[in-house]
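So the structure is just underneath, and the comments pick up after that.
Side chains are part of it too, since the values below use all heavy atoms of this structure and drop only hydrogens, waters and symmetry mates. Labels below follow one simple rule: chain letters A, B, ... track the order of the sequence lines, proteins then strands, and each chain is numbered from 1.
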Number of protein chains: 2
Amino acid sequence: MQEIETSDQTDLKTAEAASIRAGNRALSVMERIRNFILDGTVSAGERMNEVRLSKTLDVSRTPVRAALQALAGEGLLDYAPNRGFTVREFPLNVIVDAYEIRASLEGLAARFAAERGLSDSEREVIEKSLVAGDELLSRGEFADGDLLIYRGINGDFHDTLLAAARNRMLSEMIRICHHVPMSSSRNIVAFEHRDVRRRHDDHHRIYEAIMAREPWRAEAIMREHVSGVRASLLKSLKGRV
Amino acid sequence: MQEIETSDQTDLKTAEAASIRAGNRALSVMERIRNFILDGTVSAGERMNEVRLSKTLDVSRTPVRAALQALAGEGLLDYAPNRGFTVREFPLNVIVDAYEIRASLEGLAARFAAERGLSDSEREVIEKSLVAGDELLSRGEFADGDLLIYRGINGDFHDTLLAAARNRMLSEMIRICHHVPMSSSRNIVAFEHRDVRRRHDDHHRIYEAIMAREPWRAEAIMREHVSGVRASLLKSLKGRV
DNA sequence: TACAGCAAAAGTGTGTACAGTTGCCGTGAT
DNA sequence: ATCACGGCAACTGTACACACTTTTGCTGTA
């Protein structure tokens with residue numbers, strides 16, 4: 001009965017890095033249920049029937065319950081005694097607010113990083129991300145797939161800075177913000193070259209502030225940086241909806 | 001087998017308000033285990049033996065596991081696969097950082113409250129807390145038990161403002177900060193009359209900023225306010241240790 | 001005496017049966 | 001026709017047994 005091992009181990013590193021509970025089976029179950037939620041297999045407000053889930057995933061109710069509890073801890077599910085778990089709804093204003101929270105928290109992370117300094121490897125990763133971004137942007141316009149590449153570059157920059165803040169609670173809270181649908185830093189919401197260029201320029205300035213050991217400046221720029229993403233999101237939503 | 005109902009329902013409202021999982025039994029078990037952690041019955045770094053706990057609390061392992069998972073979600077416990085749960089350690093720097101995080105988040109909450117406005121009942125509670133604090137402080141010095149009273153006043157002010165921010169994710173994150181040992185807003189760390197007076201004056205100014213619909217000013221004062229508590233904590237620790 | 005390897009014990013992970021609760025549907029009285 | 005009540009079905013909550021993993025400590029050997 002170890003056929004689970006072979007199948008799906010999506011994003012396993014993220015999960016264990018975040019001190020998430022659930023052992024062997026429960027961990028993979030958790031990721032699978034998370035995907036059900038994020039890809040819309042189960043819709044917002046829907047009840048998570050334990051028996052049905054355990055049949056679908058071919059495990060007993062025990063790991064299913066563990067996974068559901070863990071996901072509730074992450075804020076993706078709601079719990080009510082004797083009524084089980086339901087998919088939490090994320091109306092637009094909640095998503096927008098999540099960006100504000102992220103802005104505050106990542107700003108704080110930038111300040112901590114500036115106060116505490118970067119390790120050699122962290123500096124290396126960030127510099128690499130800056131150079132890679134410069135290169136990508138120097139062409140003046142985006143080719144196919146370039147946005148996907150920048151997504152990675154952007155993620156590296158933010159993840160590394162977060163690690164440099166050396167504060168676990170902060171990391172976990174920001175991770176929760178990222179798990180709000182649409183709110184990940186890996187989501188580039190501004191598709192226009194000029195916007196991305198401005199964002200990338202922010203990265204340069206944040207890095208400079210950190211290297212200059214100017215915590216408050218680093219915080220201010222980072223806050224504005226993430227807030228700017230929120231503004232872009234609003235703009236792009238208005239454009240489409 | 002309903003003898004649990006009669007016994008311990010400590011802080012139950014807080015728990016369910018925070019969308020915590022765990023049903024009837026598991027919920028009370030969770031609170032009891034939380035107390036074990038906070039009052040030092042189990043010490044930092046210690047392993048939470050499920051069998052022993054279930055015997056101590058006189059329930060089966062199932063609700064114990066549920067409670068442990070919930071507490072891990074709150075950040076009080078660490079989990080490692082096949083090795084169970086351990087009490088997370090909170091060294092001084094983590095506690096101090098938690099105040100910074102709280103400062104950022106409560107600042108944001110104040111901003112939201114200023115943007116969104118207070119309900120009648122919220123305004124009433126806050127004004128009452130301001131008046132009560134004025135009265136308590138007007139005597140010029142503290143009598144026995146006055147600090148305890150102010151603790152309640154202080155808590156009312158902060159809780160109400162948080163509710164007025166109308167953002168669940170924010171509430172939950174701040175609640176997590178409060179659960180860090182020593183980091184609750186109900187802990188008055190500055191025992192001197194002058195410090196408390198200054199804090200209370202902050203409350204007045206925050207309220208004024210909110211009523212004047214000045215979000216950024218409300219945020220700035222609140223951040224400084226909570227940061228000030230952190231500074232007082234450091235001072236008082238230095239004095240004692 | 002130090003260390004490797006193994007075996008027993010302790011502890012966690014999972015499956016499953018049963019108990020308790022909720023919600024729904026049908027029946028009957030008003 | 002409507003509402004109240006009772007019983008049934010579905011689902012969650014808890015207990016417990018068994019499987020698997022980790023840890024411990026013992027023994028034999030170098």
Roughly, in whole Å, what's the span from [atom1] in [X] to [atom2] in [N]?
X	N	atom1	atom2	result
Asn49(B)	dT22(D)	CG	C1'	13 Å
Leu53(B)	dG11(C)	CG	C1'	12 Å
Phe85(A)	dG13(D)	CZ	P	7 Å
Glu50(A)	dT14(D)	CD	P	11 Å
Gln69(B)	dG13(C)	CD	P	9 Å
Arg65(A)	dT14(C)	CZ	C1'	14 Å
Arg25(B)	dT12(D)	CZ	C1'	13 Å
Tyr79(B)	dT22(D)	OH	C1'	13 Å

Ignoring hydrogens and angles, answer whether the base of dG13(C) and the side-chain atoms of Thr62(A) contain a donor-acceptor pair closer than 3.5 Å. no

Between Arg47(B) and Arg61(B), name the one whose nearest nucleotide on DNA chain D is closer to the 5' end. Arg61(B)

Verify whether one side chain among Glu127(A) and Tyr207(A) offers a donor that lies under 3.5 Å from an acceptor in the other. yes

Any luck finding a side-chain donor-acceptor pair between Glu124(A) and Ser121(A) under 3.5 Å? no

Presence of salt bridge, Arg52(B) and Asp58(B), under 4.0 angstrom: no

Looking at residues at least two apart in the chain, or sitting in another chain, which of them share a salt bridge (charged side-chain N to carboxylate O under 4.0 Å, His left out) with Glu50(A)? Arg61(A), Arg65(A)

